[in-house]
Amino acid sequence: MDNKKTEQLSSFTINNEKTAPLTTNQGLKVSEDEFSLKAGLRGPTLMEDFHFREKMTHFDHERIPERVVHARGTGAHGIFQLYESMVEYTKADFLTDTSKTTPVFVRFSTVQGSRGSSDTVRDVRGFATKFYTDEGNFDLVGNNMPVFFIQDAIKFPDFVHALKPEPHTEIPQGASAHDTFWDFIGQNHESAHMVMWAMSDRAIPRSLRMMEGFGVHTFRLINADGEAYFVKFHWKPLLGVHSLVWDEAQRIAGKNPDFHRQDLYEAIEKGDYPEWELGLQIIPEKDEFNFDFDILDPTKLWPEEQVPVKIVGKMTLNRNVDNFFAETEQVAFHPGHVVPGIDFSNDPLLQGRLFSYTDTQLSRLGGPNFHQIPINQPVCPFHNNQRDGMHQMAIHQGQTSYHRNGLNANQPEPAPVELGGYESYQEKIEGRKIRGRSESFLDFYSQAKLFYNSLAPYEQKHLKDAFSFELGKCKSEMVKNNAVALLNHIDWQIAEEVAGNIGAELPEKDLEVKSDKKSPALSMANTVKQPATKCTAILLDGEPDDEKLTHWIRTLAQYNINYSIVAKKMYKISPVLKVTDTFDTADSSLYDAAILVSTSPEVEPSILEFIETTFKHFKPLGVAVEDNNALERCRVVLDAPGVYDLTKADITQFIEGIAQGRFWERTL
Ligand code: HDE
C-alpha cells in the first residue's frame with residue numbers, strides 16, 4: 001500500500017480536532033481571541049497587540065501565486081501496480097518489479113482559467129502524476145490530449161499570453177473563445193492538429209475519471225544493457241472516455257462550477273476508486289526514421305494501429321487529500337523528475353519544459369526548498385550538499401557541505417551506475433548551433449485530417465459547432481478569416497461550414513490535404529460503455545408508489561448507479577427513502593439520466609425544463625406519467641431512442657440506456 005507516503009505526510013500534521021489550548025505561533029496560550037487590545041472599550045486599537053498583529057499578518061499572506069497555467073485543479077492520492085516486468089526496455093525499478101506498489105499523487109487541471117474558474121469550460125485538461133518510487137520521484141506531467149499547440153518551447157510564453165484573458169480587459173475567464181487565442185492559431189499553423197482536439201468533445205470531459213492521459217512527448221526507456229527505446233506514455237481509464245455536450249457544459253459551469261472536483265472527491269469517498277491502465281508505445285531506436293512524421297515533433301501522435309499501446313500496469317486513486325492547500329496547491333511537478341531507465345528525447349518542447357518547471361516554483365512556492373514540502377518529498381532518502389535558502393526546513397548536521405571533502409570521507413558520495421546512480425543516455429549528437437526548425441516538422445495538416453477522418457459523424461458535427469461557437473465570439477474579421485484559412489488546409493467542408501456560420505470569407509477550394517486515413521482509436525464512439533458510478537435524478541411529482549420506487553432504487557444500487565430523489569420540497573418519504581434535492585437545487589445538467597414519476601394530472605411546470613434538457617442533451621429518460629401531453633410540451637418524443645415508459649418497460653432497460661450514455665440519433 002501507499003503507507004510510506006501516508007506516513008510521511010502525517011509526520012508534520014496539526015489536528016484541530018484534538019483538544020488543545022489555542023496558542024500563538026510561539027506557543028503562548030491565548031486567553032481572548034475575539035477582541036483586539038484597545039485603549040478603553042470604545043478607544044483605538046493598540047500597536048502593542050502582538051496577538052492581533054501575528055494573526056493578521058499570517059492571514060494577509062495566506063495566498064501564494066497561482067500557477068501561470070493549470071491554476072484550476074484538483075488532486076488525489078493512489079497507487080500504481082505493475083502487471084508485467086518491462087525489463088526488456090527499461091531498468092526503472094517501478095516498471096520492472098511487479099511485487100512493488102508505488103504510491104502516486106495525481107493533479108488534474110484546466111489550463112486557461114484562474115484558480116476559481118469553472119471546471120467544465122472548453123479546455124485541455126492537465127493530467128500530472130507523481131510516482132513516489134524507491135529510486136526517486138518520477139513525474140509524468142501530461143494532458144488529456146496526445147499532442148500540443150506548438151513545437152518549440154520558446155513560443156510557450158507567446159501562446160499562453162494569447163490564450164489567457166486579454167490584457168486590456170482581463171476577459172474572458174476559462175475560455176479560448178476570443179480574438180487573441182484565434183489570432184495566434186491563425187498565425188501559427190503548427191497548432192492545426194491540436195486545435196482540432198481542443199475543439200472536439202475531448203475538451204469537455206464528463207468526469208476527470210473518464211479521460212485518457214498522454215505524456216505527449218517522446219521519452220526514452222533505457223534497459224540495464226544501456227539499450228534505448230523511444231516511448232510514449234498513455235493512461236487509459238477503465239470507465240471509458242466520455243464527454244459532456246457543449247450546452248450542458250456551459251450550464252454546469254453556472255449550476256456547479258466544482259462539478260469535476262466534486263465528482264472525483266465523492267467517487268473516492270464512496271469507494272468507487274477511479275482506475276487507469278498505463279500504456280506504453282515503444283519504438284526501437286533503429287526505427288526512428290521509419291514514419292511519415294518526425295517522432296520528436298510534439299504536434300504528432302503515433303497512431304495506435306501503427307504502434308500498439310502495450311498495457312503494463314494500473315493506477316488506482318484511493319484517497320482524497322486531507323488539506324487542499326498543503327497537498328494539491330503545493331504539489332510541484334516537473335517533467336525533468338526522472339528515475340534510472342527513463343530519459344528524454346530531443347523534442348524541442350520537452351527540452352524547454354525541463355527548464356521551466358523548477359524555475360516557476362521559485363516564485364510560486366517562494367524559494368529553492370519546495371522539494372521539502374511533504375507532498376513533494378521523495379519516499380526514498382535524499383542527501384546532498386545543497387544548503388540554506390528561503391524556508392529551509394531541515395537542520396543539516398555536520399561540518400562539511402561540499403563535494404570532494406576530506407573531513408567527512410567525501411560523504412554524501414555519488415553512487416556508481418551499478419548501485420542506482422543516474423546516468424544520462426549517451427546519445428551521439430552532431431550539428432551546427434542554429435536557431436531553426438527541422439523540415440521534418442513542417443507537415444501541419446495530415447494528422448489534423450487523420451483525427452477528423454477518425455471521428456464518428458456526431459463527433460465531427462460537435463467539432464464544427466465548436467469552431468463556429470469559438471470563432472463566432474471573435475470580433476476581428478481578420479482573425480476569423482485567418483482561422484478559416486487554417487481549417488481550409490485540413491478540410492474544405494469544415495472551413496466552408498464554419499465560414500458560413502460566422503460570416504467569414506468563403507475559402508478557396510482544393511487547398512486541403514488529401515487523405516482518407518483513419519485511426520479508430522482516436523474516436524470516443526467505441527469506448528467502454530457501462531452504467532456504474534453514473535448518476536440519475538428521480539423526479540417526484542405527487543405521491544410515488546413506495547414499492548415501485550424501492551424496487552427501482554434497489555436495482556440502481558445493484559448496478560452501482562448513484563441517484564438523487566428530487567421533489568418540490570425535501571421530506572422523508574419513508575423511514576429509508578428521502579427527498580435530497582428540490583426542483584430549485586437540482587438541474588438536469590448535473591445528472592446522466594432522469595426518471596419522471598408524475599401522479600398528478602398535470603406535470604409540475606418547474607419540472608418541464610428539467611425533462612426537456614435531459615432529452616435535448618441526448619440522455620436516457622424514464623417516464624411514469626399520467627399526462628403524456630406534458631411530455632409533448634417538453635418536446636419529448638415518447639418513442640424516441642433512449643426514452644423508456646416505465647409503466648411498461650422494466651427498469652433494467654433504462655439501466656442499459658444509462659450504460660449507453662447518449663442517444664445521438666435523437667433529432668429535435
Ligand atoms: Fe506545462 N507548465 N508547459 N505543459 N504543464 C506548467 O508549471 C510549460 C506543456 C502541464 O498540476 C507550469 O508548476 C512550458 C505540455 C501540466 O501542477 C509551467 C511548456 C504539457 C501542468 C509550465 C509547457 C504540459 C503544467 C505552470 C512548453 C503536456 C500542471 C505551473 C515548453 C505534456 C501541473 C507549474 C500541476 C504546468 C510550463 C507545455 C502539462 C509554467 C514552458 C506540452 C499538466 O512551468
Side-chain angles (χ1 to χ4, degrees), residues 1-15 17 67 70 72-82 93-95 97 99-109 115 119 125-144 207-213 215 233 235-239 258 260-278 313-335 337 339 361 365 370-380 382 533:
M1 292 302 281
D2 57 333
N3 284 347
K4 260 192 193 167
K5 193 66 204 169
T6 311
E7 275 162 28
Q8 199 177 56
L9 283 168
S10 56
S11 65
F12 182 53
T13 53
I14 299 177
N15 188 345
E17 281 157 23
R67 289 165 174 82
H70 298 267
R72 171 80 184 169
T74 193
H77 294 271
I79 49 169
F80 173 74
Q81 186 71 57
L82 189 69
D93 175 60
F94 82 106
L95 289 175
D97 187 347
S99 71
K100 281 201 171 157
T101 303
T102 305
V104 297
F105 184 77
V106 174
R107 184 174 178 274
F108 300 105
S109 47
R115 223 187 115 179
D119 279 346
R125 296 300 184 285
F127 189 143
T129 309
K130 197 179 275 296
F131 295 80
Y132 301 95
T133 88
D134 290 341
E135 298 178 302
N137 289 350
F138 168 57
D139 291 356
L140 183 54
V141 198
N143 280 342
N144 74 331
S207 161
L208 301 169
R209 303 176 290 124
M210 300 172 195
M211 307 190 308
E212 280 183 290
F233 294 100
W235 288 119
K236 303 263 187 197
L238 294 193
L239 292 173
D258 303 307
H260 282 152
R261 160 182 298 206
Q262 191 176 341
D263 167 272
L264 182 70
Y265 181 86
E266 286 178 355
I268 294 175
E269 286 301 293
K270 202 174 153 239
D272 286 333
Y273 300 142
E275 295 173 313
W276 287 261
E277 286 186 317
L278 180 70
K314 188 170 77 176
M315 172 168 79
T316 308
L317 296 185
N318 58 12
R319 189 163 68 80
N320 280 313
V321 298
D322 286 318
N323 184 281
F324 187 92
F325 179 83
E327 299 169 68
T328 311
E329 193 58 14
Q330 293 200 110
V331 68
F333 293 96
H334 184 358
H337 292 164
V339 290
Q361 308 309 341
L365 295 171
F370 56 87
H371 62 283
Q372 295 181 352
I373 297 172
I375 192 70
N376 294 325
Q377 286 180 21
V379 292
C380 58
F382 53 106
T533 79

Checking [X] now: which residues fulfil salt bridge (charged side-chain N to carboxylate O under 4.0 Å, His left out) with it, not counting sequence neighbours?
X      : result
Lys270 : Asp272
Glu135 : none
Asp263 : Arg206, Arg209
Arg261 : none

- Task: Only counting residues at least two apart or in another chain, list the ones meeting side-chain contact (heavy atoms from CB on, under 4.5 Å) with Gln361.
- Result: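 Counting only residues at least two positions away or on another chain, Gln361 forms a side-chain contact (heavy atoms from CB on, under 4.5 Å) with Ala332, Arg364, Leu365, Phe370.
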
[X]: which residues meet the ring pair (Phe, Tyr, Trp, His ring centres under 6.0 Å) condition with it, sequence neighbours left out?
X      : value
Phe233 : Phe138, Phe219
Phe108 : Phe127, Trp276
His337 : His334

- Item | Interatomic distance, Arg107 atom CZ to Phe333 atom CZ [nearest 0.5 angstrom] |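 Reported to 0.5 Å precision, the distance equals 7.5 Å.
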
- Pairwise side-chain contact, Phe382 with His371, heavy-atom cut-off 4.5 Å (strictly under):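 In contact.
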
Apply side chain to side chain donor-acceptor pair (under 3.5 Å) to [X] and list each qualifying residue two or more places apart in sequence or on a separate chain.
X      : value
Asp97  : Ser99
Glu269 : Asn320
Asp119 : Arg72
Gln262 : Asn256, Glu266

